[in-house]
Protein chains: 2
Amino acid sequence: MDKQTLRLKQTPQRMAIMKYLQGNKNHPTVEDIYNYVVEQFPNISLATVYKNIDILKNMGLVQEVTIDPDKKHYDPDTRHHHHLICVQCKKIIDVDIDFDIRVPKDYLEDFEITTTHIDFYGICKSCKTKEK
Amino acid sequence: MDKQTLRLKQTPQRMAIMKYLQGNKNHPTVEDIYNYVVEQFPNISLATVYKNIDILKNMGLVQEVTIDPDKKHYDPDTRHHHHLICVQCKKIIDVDIDFDIRVPKDYLEDFEITTTHIDFYGICKSCKTKEK
DNA sequence: TTCTCTGCAAATGCTTTGCAGAGGC
DNA sequence: GCCTCTGCAAAGCATTTGCAGAGAA
């Protein structure tokens, strides 16, 4: 499972995983992916999903999202973007806005920033409605 | 281990854990804490550290830092602040600057933002020097 | 035919839990 | 003495790994 796996086989399981991820905005976990694919392939194992996610990640086709302290989420949108996280229902929503954040040079002491991720925590619309 | 544990006992193990965390800027993991405390209490168990961290977290004395996808880190600095993360050595550095980031209201669709965390990823000074 | 991929089972690593005895207060 | 805390062992999850057989190319 190296970084430049060239001859990727188009197995039906892999195709189903990729189809599920395609355009998926829900930041699914491996379990979410499994639950979808298992409908079509009742014998698929979690290990297969894990192995495929690993390949897709190494190929740069999905991004690992480290927001949930308990399990990893995956995002097929690999462009640079930020997240809104509902602290109630844990939903993760994309924020496709570019913010211009600059850390003063003298503060950095030669730390070279390459990317910036912003996580906005709060309460989403539907959770706010439920609260009342 | 409820949220408002009032009669916290000052056991030597707990005192050692709190002493280690006091002013600690290294965002230690439970293992880091254990490694320090076990020097003074060779019989202490990891479970004790986990249980104490859980109490301290619920009391708002430490913050869980979800940056490392593989293990949880803890930060005794519970003020609002941001982080610089070295993608090479995984070191986490505090950024005590307040940024004024506003997401356009119409973008939010009633999502109510309460806190904002910014993670700056890059290469730290010492890793940059080593590279050459 | 070749070589990757799948599915199973076992293993790993972090974290949690149950419980009996120890020890703060 | 009461009741929380500790330490141990076992359990619980998410994730990884090894391997033999299946199947894509």
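Chain identifiers are assigned alphabetically (A, B, ...) following the order of the sequence lines, protein sequences preceding nucleic acid strands; residue numbering begins at 1 within each chain.
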Could you check Asp70(B) against Lys72(A) for salt bridge (charged side-chain N to carboxylate O under 4.0 Å, His left out), going step by step and ending with a plain yes or no?
CA-CA 9 Å; Asp70(B) 297 319; Lys72(A) 295 173 184 169; 3.5 Å; yes
On DNA chain D, more 5' by nearest nucleotide between Gln10(A) and Tyr50(A) is Tyr50(A)
Are any of [X]'s side-chain N or O atoms less than 4.0 Å away from OP1 or OP2 of [N]?
| X | N | value |
| --- | --- | --- |
| Gln13(A) | dG23(D) | no |
| Thr11(B) | dC5(D) | no |
| Asn43(B) | dA22(C) | no |

Check whether any side-chain N or O of [X] sits under 3.5 Å from a backbone N or O of [Y] as a donor-acceptor pair, and report yes or no.
| X | Y | answer |
| --- | --- | --- |
| Asn24(B) | Asn26(B) | yes |
| His73(A) | His27(A) | yes |
| Lys128(A) | Asp110(B) | yes |

Of the nucleotides [options], which has the atom closest to the [X] side chain?
| X | options | value |
| --- | --- | --- |
| Ser45(A) | dT6(C), dC8(C), dG7(D) | dC8(C) |
| Lys72(B) | dT15(D), dT16(C), dC5(C) | dT16(C) |
| Arg14(A) | dC8(C), dT6(C), dG24(C) | dT6(C) |
| Lys51(A) | dC8(D), dT15(C), dG18(D) | dG18(D) |

Figure out the [atom1]/[atom2] separation between [X] and [N], and round it to whole Å.
| X | N | atom1 | atom2 | result |
| --- | --- | --- | --- | --- |
| Ile53(A) | dC5(C) | CD1 | C1' | 16 Å |
| Ile55(A) | dT4(C) | CD1 | C1' | 9 Å |
| Tyr34(B) | dG7(D) | OH | C1' | 10 Å |
| Asp70(A) | dT15(C) | CG | C1' | 9 Å |
| Leu8(A) | dT4(C) | CG | P | 11 Å |
| Asp54(B) | dT16(C) | CG | P | 7 Å |
| Asp68(B) | dT15(D) | CG | P | 13 Å |
| Ile44(B) | dG23(C) | CD1 | P | 14 Å |

- Query: Contact class for Lys9(B) vs. all strands (heavy atom < 4.0 Å): base, sugar-phosphate, or nothing?
  - Reply: base
Please classify the nucleic acid contact of Thr48(A) as base, sugar-phosphate, or nothing, using heavy-atom distances under 4.0 Å.
base
Note: for Leu46(B) and Pro12(B) on DNA chain C, the residue whose nearest nucleotide lies more 5' is Leu46(B)
When Phe41(A) and Thr29(B) are each assigned the nearest nucleotide of DNA chain C, the 5'-most assignment goes to Phe41(A)
Between Phe120(A) and His82(A), how do the two ring planes meet: parallel, tilted or perpendicular, split at 30° and 60°?
-> perpendicular
query = Does a distance-only test, which skips hydrogens and angles, find a donor-acceptor pair under 3.5 Å between the side chain of Lys71(A) and the base of dG12(D)?
reply = no
Treat each ILVMFWY residue as a node, draw an edge where side-chain heavy atoms are under 4.5 Å apart, and state whether Val37(A) and Met18(A) are in one component.
-> yes
